[in-house]
Every structure is written in C-alpha cells, then in structure tokens.
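Following: one structure in structure tokens, then a few remarks.
None of these values were measured; they are calculated from a predicted model.
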Amino acid sequence: MKIEYYIETTLLKFLKTKSIDSIRVIDLIDEIGICKGTFYKYYQDKYHLMICSFENYFYNDILNGADNWESFVESSLTSFKNSPAVILNAFDSHDINSLRSYHEKLLIKYLVIGNVTDNEEYYGYSAEVFAHYVTDIIVNWLKEKCTESDKRLIERMKAIMPVTLYNKLYGQGEKNK
C-alpha cells in the first residue's frame with residue numbers, strides 16, 4: 001500500500017478523539033514511523049493532509065455524484081453521519097486552510113455553477129454567506145447526534161437561504177409562497 005494511505009488513515013484515527021488544531025505533525029510521524037521528509041514529500045502541512053484525507057475518504061463520492069447544492073448537502077449528510085466525531089474534530093478549526101473553509105468552497109461551487117454572470121457579485125457574496133451558515137447548521141446537527149431528518153434539515157437550510165439565491169435557484173417569487 002502507498003504511504004499516503006497510512007498517513008491519511010492515521011490522521012482520521014487521530015480525529016476520532018482530537019481536534020485538527022491539537023494534532024501535531026510530529027505525532028503523526030511518530031505513530032506511523034516515518035521521517036519528517038516523507039511526510040512533507042506528500043503534504044504541505046496537516047491541513048493539506050486533512051483535505052487530501054477527506055477528499056479520498058469522504059468527499060470523493062460526494063464530488064462525483066452531486067450536480068447541485070441540494071445533492072451535495074444530501075451526500076455530505078449521508079457521509080458525515082457515519083463518522084460524526086471525525087467530522088466534528090476536523091471542522092473544529094477556523095484556520096484559513098481548514099476543512100470548514102474547504103467545505104464552504106465546495107458548497108459555493110454547487111450554488112454558483114451555471115447561476116452567476118460576471119455582473120452579479122451580490123449573488124456570489126450571498127452564496128458565501130449562505131455556505132458559512134449551512135456549514136454551521138451541519139456541524140450543529142452532528143453535535144445533536146443527527147436527530148433531525150436530512151429532508152427537514154435541507155428544508156431549514158432553504159428557509160434561511162437569501163432571496164437572491166433562492167430566486168436564482170428555484171425561480172422568481174417561489175420563496176414567498
């Protein structure tokens with residue numbers, strides 16, 4: 001097996017009990033029994049490692065199957081339910097390179113695809129703000145042991161969606177009905 005597999009799965013093992021900010025690269029290196037140079041041959045830092053790990057073990061199926069923001073969120077919820085501690089510990093960082101930032105960028109991608117023209121900066125800003133709140137909603141949902149149904153959670157997300165976004169995605173005036 002490739003060394004990346006061992007490094008990435010070791011990080012995921014650590015994330016079961018520790019937040020990403022409390023995990024040190026040296027701890028990963030010691031656990032696996034590799035030298036520092038080997039780690040840095042594949043990853044820039046622990047955040048880069050985390051994104052690679054999540055792309056390979058969580059987001060790969062999501063990214064291949066999602067064609068809009070709702071299917072992205074549905075797939076995320078399904079994937080995240082299976083490892084809530086890992087997800088919560090990975091999201092427990094506000095570092096610019098964190099999984100939270102990565103997840104928000106992916107969500108924005110699905111909100112913006114085919115919906116924004118160059119002169120619609122407000123739409124892009126609305127997507128950024130909404131992505132931040134959706135990520136918070138998902139984190140809180142995981143903290144509450146996923147008691148709310150996926151369908152109800154997505155309906156709640158739609159309810160807080162900015163009108164500009166909602167109208168662009170679902171049609172003019174639909175939100176007010």
Side-chain angles (χ1 to χ4, degrees), residues 1-67 69-113 124-125 127-148 150 153-154 157:
M1 279 195 192
K2 293 183 172 184
I3 190 66
E4 298 102 296
Y5 169 82
Y6 293 110
I7 298 170
E8 290 173 10
T9 56
T10 300
L11 174 69
L12 295 174
K13 181 179 103 178
F14 277 33
L15 283 169
K16 289 179 181 179
T17 58
K18 297 179 177 183
S19 75
I20 186 62
D21 289 341
S22 67
I23 296 171
R24 301 177 316 159
V25 170
I26 193 71
D27 297 331
L28 293 166
I29 290 169
D30 289 347
E31 178 77 14
I32 302 164
I34 60 173
C35 64
K36 196 184 277 192
T38 301
F39 177 89
Y40 288 107
K41 177 180 177 184
Y42 298 103
Y43 308 102
Q44 297 167 358
D45 57 25
K46 66 182 176 182
Y47 298 103
H48 179 230
L49 165 61
M50 184 175 54
I51 298 303
C52 292
S53 298
F54 273 75
E55 283 178 347
N56 289 329
Y57 299 98
F58 290 98
Y59 285 111
N60 198 27
D61 292 335
I62 296 168
L63 296 173
N64 292 332
D67 56 356
W69 84 272
E70 279 187 64
S71 63
F72 173 78
V73 171
E74 287 172 359
S75 297
S76 295
L77 296 176
T78 300
S79 180
F80 293 173
K81 271 189 239 183
N82 297 324
S83 302
V86 172
I87 304 299
L88 288 170
N89 284 326
F91 273 92
D92 189 24
S93 174
H94 292 284
D95 187 274
I96 191 74
N97 300 312
S98 72
L99 186 64
R100 175 181 288 276
S101 296
Y102 178 76
H103 182 79
E104 289 174 5
K105 287 174 190 165
L106 288 177
L107 182 55
I108 291 166
K109 171 186 165 187
Y110 288 105
L111 286 165
V112 172
I113 290 175
Y125 177 73
E128 286 180 38
V129 171
F130 181 65
H132 176 76
Y133 285 117
V134 166
T135 302
D136 285 345
I137 287 170
I138 291 171
V139 167
N140 288 330
W141 175 75
L142 288 167
K143 286 179 181 176
E144 294 169 2
K145 311 277 190 246
C146 311
T147 54
E148 189 172 17
D150 297 9
L153 195 64
I154 290 171
M157 290 174 193

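- Around the CD atom of Gln44, the shell of radius 6.0 Å holds no more than 12 heavy atoms that belong to other residues, nucleotides or ligands.
- Residue Leu111 holds its CG atom at 10.0 Å from CD of Glu70, rounded to the nearest 0.5 Å.
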Going through the checks in order, is the side-chain contact (heavy atoms from CB on, under 4.5 Å) test met by Tyr110 and Val73? CA-CA 10 Å; Tyr110 288 105; Val73 171; over 6 Å; no
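- Aromatic rings of Trp69 and Phe130 (six-membered ring for Trp) have centroids within the 6.0 Å cut-off, being under it.
- Ring-plane geometry between Tyr102 and Tyr59 is classed as perpendicular, the angle between the planes exceeding 60 degrees on a 0 to 90 degree scale with a lower cut at 30.
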Stepwise side-chain contact (heavy atoms from CB on, under 4.5 Å) check, Glu74 with Ile154: CA-CA 8 Å; Glu74 287 172 359; Ile154 290 171; 3.2 Å; yes
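- Ring pair Phe54/Phe58 is parallel by interplanar angle, where below 30° counts as parallel and above 60° as perpendicular.
- Partner of Ser93 under the side-chain contact (heavy atoms from CB on, under 4.5 Å) criterion, out of Ser19, Ser101, Ser98: Ser98 alone.
- Within the 4.5 Å cutoff, no side-chain heavy atoms of Tyr5 are placed close to those of Asn56.
- The side-chain hydrogen bond (donor to acceptor under 3.5 Å, both in side chains) check on Glu148 picks up Arg156, with sequence neighbours excluded.
- For the atom pair CZ of Arg100 and CD1 of Ile138, the computed distance is 10.0 Å after rounding to the nearest 0.5 Å.
- Seen from the ring of Phe14, Lys18 counts as a face-on cation partner, given the 6.0 Å and 45° thresholds.
- Under the salt bridge (charged side-chain N to carboxylate O under 4.0 Å, His left out) criterion, Asp27 pairs with Arg24, sequence neighbours left out.
- No hydrogens or angles considered: a donor-acceptor pair under 3.5 Å links the side chains of Tyr43 and Glu8.
- For Phe39 and His48, the ring centers are positioned 6.0 Å apart or more.
- Environment of OH in Tyr40: crowded, with over 12 heavy atoms of neighbouring residues, nucleotides or ligands closer than 6.0 Å.
- Taking the salt bridge (charged side-chain N to carboxylate O under 4.0 Å, His left out) definition, one finds that Lys41 meets it with nothing, sequence neighbours left out.
- When side chains are defined from C-beta on, Ile20 counts as touching Leu11, because their heavy atoms get closer than 4.5 Å.
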